[in-house]
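Have a look at the structure below before the remarks.
Sequence lines set the chain letters: A, B, ... in the order given, protein chains first and strands last, and positions in each chain run from 1.
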Amino acid sequence: MRVRFAPSPTGTLHVGSARTALYNYLFARHTGGRFVLRIDDTDTARSDAALESAIMADLRWLGLDWEEGPDVGGPSGPYHQKERLKLYRGAAGELLDSGLAYRCFCPEERLEKLRREALVGGRPARYDRRCLGLAPDEVRRRLAAGEPAAIRFKVPEGDVVIIDLIRGPVTIGGDALSDPIIVRSDGVAGYNFATVADDLAMGITHVIRGDDHLTNTARQQLLFEALGGPVPQFAHHSMVLGPDGGKLSKRHGASAVGDYRELGYLPQAIVNYLALLGWSHGEEEVLGMPRLIAEFELEKLSPSPAVFDLPKLDWLDHEHIMALALEEHERRFAERLPLGTPPPAAAALAAAYQSSLVRYGAAPELAAAVLEPPLPPPELSAALLPAAEQLTRVRELRAEAPEWLTPAGARELLAAYRSWGKELGIGARDLLMPLRIALTGAEHGPELPFVLAALHRGVALARLDLALIGNRAGEPPTTPGDRS
RNA sequence: GCCCCCAUCGUCUAGCGGCCUAGGACACCGGCCUUUCAAGCCGGCGGCACGGAUUCGAAUUCCGUUGGGGGCACCA
């Protein structure tokens with residue numbers, strides 16, 4: 001089994017394309033076949049080397065690696081189409097010689113006009129084959145005169161039946177297929193032809209791509225046959241749609257793999273989500289790459305389009321975060337925090353949020369709420385008024401403890417504080433809520449042990465003092481004090 | 001306009017003629033847990049697009065309608 005993913009470096013890696021790459025990858029891994037990366041850069045004007053490396057970086061980031069490709073080489077290279085132009089010219093020459101292809105001198109304006117007329121007349125838009133009947137002599141003469149000419153494939157009569165592994169036989173009416181241009185007038189092969197010549201030369205056995213290629217596949221199947229090669233097996237998966245039901249694109253917001261990386265999603269979550277989008281799985285949904293490989297089958301892919309649902313991606317990301325080893329989670333959390341965040345603080349906050357974090361992109365905001373909290377609003381400061389005794393006690397405890405507390409140490413401190421409060425008959429809420437407000441300026445936030453562990457002793461004491469000052473004055477504090 | 005593909009809860013899906021009073025997951029709503037918010041746990045709401053046909057029996061097969069998507073380039 002040999003499959004390929006063939007992006008054109010004219011844009012970044014879209015999640016829809018990433019899904020195609022993933023399905024090819026999973027198929028190769030599941031069957032023990034080979035995954036080939038080929039760069040379809042015959043559109044020389046729009047292709048960009050920087051985009052090409054960005055695409056490869058995104059694929060690797062997702063964990064999709066290839067046995068053969070432009071950077072790793074392989075027996076079927078080169079893996080850039082622009083380095084394979086000679087192959088295409090040779091193949092086109094063969095088709096020309098055998099009468100399966102012909103030169104076309106029609107200027108684009110004429111083709112454009114033809115298209116418009118067909119549309120208005122309610123007919124399928126197809127080339128009228130004006131140049132098919134040109135006498136060989138005339139073709140030679142015009143060529144010799146330097147007139148630009150493209151090469152068209154002469155589509156044979158009759159319907160084309162594609163045997164699709166996902167949707168069964170698909171019949172494309174022959175009269176819907178226009179003679180495709182296989183070599184442009186600038187001498188560079190077009191997509192449909194280069195793809196077929198390469199798939200043949202590279203021994204591709206299964207072509208897995210989006211169903212937007214279905215009509216291309218009809219042409220390409222004919223081309224495979226014309227070139228005398230084996231026709232690969234085809235599988236056309238469905239498209240990814242945006243929330244509004246249209247093809248997912250930039251206008252829906254984040255649609256590139258890189259967007260999601262920057263937003264702080266885990267690659268394994270994206271892979272998991274993309275795999276699930278449009279394929280039938282068992283009751284289990286949180287799956288890592290090994291499971292996906294083990295359970296992937298082309299036949300299980302759904303033929304119907306799937307809407308990209310961000311909340312479900314969020315949930316999967318959350319699941320994969322919880323599955324991470326603590327050290328890795330801490331590392332990922334900490335690297336999102338501002339430079340200079342004290343390591344004990346970063347560790348405590350990471351620990352605080354491993355069970356509830358949705359994506360790492362949220363880390364800075366969550367950390368800031370503890371490390372650089374807002375001043376409590378007047379009504380919360382007022383809530384501290386009756387709590388002077390508690391705040392004084394917890395200040396004493398904190399002052400006696402080390403500069404940095406571990407979450408476990410903080411838990412012990414709080415246990416001591418709570419048993420003190422219990423003896424005085426103070427309820428848990430009256431004990432802990434004033435402390436939370438004094439420390440974070442808010443009623444909501446992570447569990448208190450982590451808050452205490454995230455704050456240096458000096459900072460914690462300063463905040464408690466501030467609360468006590470405001471308390472004594474019966475008013476919100478006027479001096480902000482040390483809030484670092 | 002022409003051609004192709006698709007059609008089960010809001011979303012992703014299970015279902016491949018009787019096991020379906022249609023199952024699961026996300027989202028949503030409620031409860032529990034809890035110093036708080038989350039998370040977690042438990043429960044609830046919610047769907048076979050419509051019309052014919054085949055059959056003892058249809059979510060499942062066939063036809064049509066409607067709806068959605070895609071393609072119709074000297075882009076890929």
Side-chain angles (χ1 to χ4, degrees), chain A residues 6-11 17 40-43 45-47 81 104 106-108 111-112 115 118-127 148-152 162 164 166-167 170-173 175-178 180-192 194-195 210-218 236 238-239 241 243 245-247 273 276-286 302-316 318 322 352-358 366 369 414 418 427-437 440 442-448:
Chain A
S8 78
T10 54
S17 305
D40 281 10
D41 52 0
T42 52
D43 184 350
R46 293 194 301 150
S47 291
Q81 289 195 321
C104 177
C106 293
E108 287 198 61
L111 301 174
E112 181 55 37
R115 252 194 307 277
L119 203 90
V120 172
R123 286 171 284 110
R126 54 189 303 222
Y127 178 58
I151 301 175
R152 280 187 192 270
I162 299 161
D164 188 286
I166 295 169
R167 44 199 92 215
V170 176
T171 305
I172 310 281
D175 42 318
L177 297 175
S178 186
I181 287 184
I182 58 176
V183 178
R184 297 185 224 129
S185 55
D186 65 0
V188 178
Y191 162 74
N192 277 297
T195 294
D211 67 10
D212 51 341
H213 281 285
L214 227 25
T215 47
N216 281 328
T217 297
H236 295 88
S238 60
M239 301 277 89
L241 272 28
K247 198 173 173 180
Y273 180 66
L276 252 39
L277 240 200
W279 87 320
S280 37
H281 45 277
E283 302 280 83
E284 279 179 274
E285 298 196 317
V286 184
S302 166
S304 53
V307 174
F308 191 91
D309 187 46
L310 198 57
K312 184 116 184 190
L313 205 213
D314 283 345
W315 173 74
L316 275 173
H318 169 241
M322 289 201 292
Y353 282 109
Q354 182 164 22
S355 63
S356 63
L357 190 66
V358 170
L366 294 170
L414 285 170
R418 293 179 75 152
R429 195 185 164 88
D430 290 332
L431 225 37
L432 299 172
M433 192 49 80
L435 176 58
R436 171 178 295 286
I437 293 170
T440 68
E443 290 176 287
H444 310 308
E447 291 174 12
L448 244 13

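Within the 4.5 Å cutoff, no side-chain heavy atoms of A:I151 are placed close to those of A:I181.
If you check every strand for non-hydrogen atoms under 4.0 Å, A:I181 touches a base. As judged by a 4.0 angstrom heavy-atom cut-off over every strand, A:T10 is placed among residues making no nucleic acid contact. Backbone-only contact: A:G122 has heavy atoms under 4.0 Å from sugar-phosphate atoms and none from a base. A:T171 comes within 4.0 angstrom of sugar-phosphate atoms only, judged by non-hydrogen atoms across all strands, and of no base. Among the atoms of the strands shown, only primed sugar atoms or phosphate atoms (P, OP1, OP2) are found under 4.0 Å from some heavy atom of A:G278. At the heavy-atom level, A:R436 lies under 4.0 Å from base atoms of the strands shown. Using a 4.0 Å heavy-atom criterion, one finds that A:L119 contacts the bases of the nucleic acid, with or without backbone contacts as well. Contact annotation for A:R126: no contact, since no heavy-atom pair falls under 4.0 Å across all strands. A:L313 comes within contact range of no nucleotide atom at all, as no heavy-atom separation falls under 4.0 Å. Within 4.0 Å (heavy atoms only), A:N216 reaches at least one base atom of the nucleic acid. Contact annotation for A:V170: backbone-only contact, meaning every heavy-atom pair under 4.0 Å involves sugar-phosphate atoms and none involves a base. At the heavy-atom level, A:C104 lies nowhere under 4.0 Å from the strands shown. Counting non-hydrogen atoms under 4.0 angstrom, A:E284 reaches nothing in the nucleic acid.
Contact of A:T215 with B:C4 (side chain to base): no donor-acceptor pair of N or O atoms is detected under 3.5 Å. On a pure distance criterion of 3.5 Å, a polar donor-acceptor pair joins the side chain of A:K312 and the base of B:A25.
Taking atom CZ of A:R152 as the reference point, atom P of B:C74 lies 6 Å away to the nearest angstrom. Nucleotide B:U36 holds its P atom 11 Å from the CD atom of A:E447, rounded to whole Å. In this structure, the CD atom of A:E108 is 5 Å from the C1' atom of B:C74, given to the nearest Å. The distance between atom CZ of A:F308 and atom P of B:C12, rounded to the nearest whole Å, is 12 Å. Protein atom CD1 of A:I166 is 21 Å distant from nucleotide atom P of B:G69, rounded to whole Å. Taking atom CG of A:L276 as the reference point, atom P of B:U13 lies 9 Å away to the nearest angstrom. Taking atom CG of A:D314 as the reference point, atom P of B:C12 lies 17 Å away to the nearest angstrom.
Every ring pair (Phe, Tyr, Trp, His ring centres under 6.0 Å) that A:H213 has, sequence neighbours left out, goes to A:Y191. Partners of A:D314 according to the side chain to side chain contact (heavy atoms under 4.5 Å, CB included) rule, which considers only residues two or more places apart in sequence or in another chain, are A:Y265, A:L310, A:V358. With sequence neighbours left out, the ring pair (Phe, Tyr, Trp, His ring centres under 6.0 Å) criterion links A:Y273 to A:F308.
Checking B:U11, B:A76, B:C74 against the side-chain heavy atoms of A:V307 singles out B:U11 as nearest. For A:S8, whose side chain is taken as the heavy atoms from C-beta onward, the closest listed nucleotide among B:U36, B:C12, B:A76 is B:A76. Picking from B:G24, B:U35, B:A7 the nucleotide with the shortest atom distance to the side chain of A:E285 gives B:G24. Of all nucleotides listed (B:A27, B:A7, B:A76), B:A27 comes nearest to the side chain of A:P311. For A:E283, counting side-chain heavy atoms from C-beta on, the closest listed nucleotide (B:G23, B:C26, B:C5) is B:G23. In the set B:G70, B:A76, B:U35, B:A76 carries the atom at the smallest distance from any side-chain atom of A:D43.
A salt bridge links A:R167 with A:D211; the closest basic N to acidic carboxylate O contact falls under 4.0 Å.
Across all strands shown, nothing is found opposite B:U55 as a Watson-Crick or G-U wobble partner with both distances under 3.5 Å. In a base pair of the Watson-Crick type (N1 to N3 plus N6-O4 or O6-N4) or a G-U wobble (N1-O2 and O6-N3), with each distance short of 3.5 Å, B:C50 is matched with B:G64. Pair check for B:G30 finds B:C42; Watson-Crick or G-U wobble, both atom distances under 3.5 Å. Pair assignment for B:U35 gives none, since no Watson-Crick or G-U wobble pairing has each distance under 3.5 Å.
Checking the phosphate oxygens (OP1, OP2) of B:G70, no side-chain nitrogen or oxygen of A:R167 falls inside 4.0 Å. OP1 or OP2 of B:U35 sits under 4.0 Å from a side-chain N or O of A:R418. For the OP1/OP2 pair of B:G1 and a distance below 4.0 Å, the side-chain nitrogens and oxygens of A:R123 include no atom meeting the criterion. Between A:K247 and B:G71 there is a side-chain polar atom (N or O) within less than 4.0 angstrom of OP1 or OP2. Checking the phosphate oxygens (OP1, OP2) of B:A76, a side-chain nitrogen or oxygen of A:R184 falls inside 4.0 Å. For A:T42 and B:C75, the shortest distance from a side-chain N or O to OP1 or OP2 is not below 4.0 Å.
B:A76 and B:G71 are spaced 13 Å apart, taking the C1' atom of each and rounding to whole Å. Here, B:C33 and B:G10 have their C1' atoms 29 Å apart, quoted to the whole Å. Between B:U11 and B:G51, the two C1' atoms lie 28 Å apart (nearest whole Å). Taking atom C1' on both nucleotides, B:C50 is separated from B:A7 by 12 Å, rounded to a whole Å. Taking atom P in both B:U65 and B:C3, one finds a spacing of 12 Å when rounded to whole Å. The separation of B:G64 from B:G23, taken at their P atoms, amounts to 32 Å, rounded to a whole angstrom. Taking atom C1' in both B:C72 and B:C20, the straight-line distance is 43 Å, to the nearest Å. When the C1' atom is compared between B:A58 and B:C16, the two are found 12 Å apart, to the nearest whole Å.
Map A:L432 and A:P303 each onto its nearest nucleotide of RNA chain B; the residue landing nearer the 5' end is A:P303. With RNA chain B read from its 5' end, the first of the two nearest nucleotides for A:R46 and A:M433 is the one closest to A:M433.
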Distances for protein N or O near nucleotides 46-49 of chain B N or O, under 3.5 Å:
none

What protein N or O atoms touch nucleotides 61-68 of chain B N or O atoms at under 3.5 angstrom, if any, and at what distances?
none

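Counting only N and O atoms by type, the side chains of A:Q81 and A:D41 include no donor and acceptor under 3.5 Å apart.
The two residues A:P303 and A:S238 make their nearest non-hydrogen contact at O-CB, 3.7 Å. The minimum heavy-atom distance linking A:L214 with A:I172 is given by the pair O-CD1, 4.3 Å.
With A:T440 contributing its side chain and A:A442 its backbone, the two residues share a donor-acceptor pair below 3.5 Å. Under the 3.5 Å distance criterion, the side-chain polar atoms of A:R46 are left unmatched by any main-chain donor or acceptor of A:P9.
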Go along nucleotides 39-44 of chain B 5' to 3' and tag each nucleotide: B for a protein heavy atom under 4.0 Å from its base, S when only backbone or sugar atoms are that close, - otherwise.
SS----
Please evaluate residues A:D212 and A:K247 with respect to the criterion salt bridge (charged side-chain N to carboxylate O under 4.0 Å, His left out), reporting the C-alpha separation (whole Å), side-chain torsions for both, the decisive distance (0.1 Å), and the verdict.
CA-CA 10 Å; A:D212 51 341; A:K247 198 173 173 180; 3.6 Å; yes
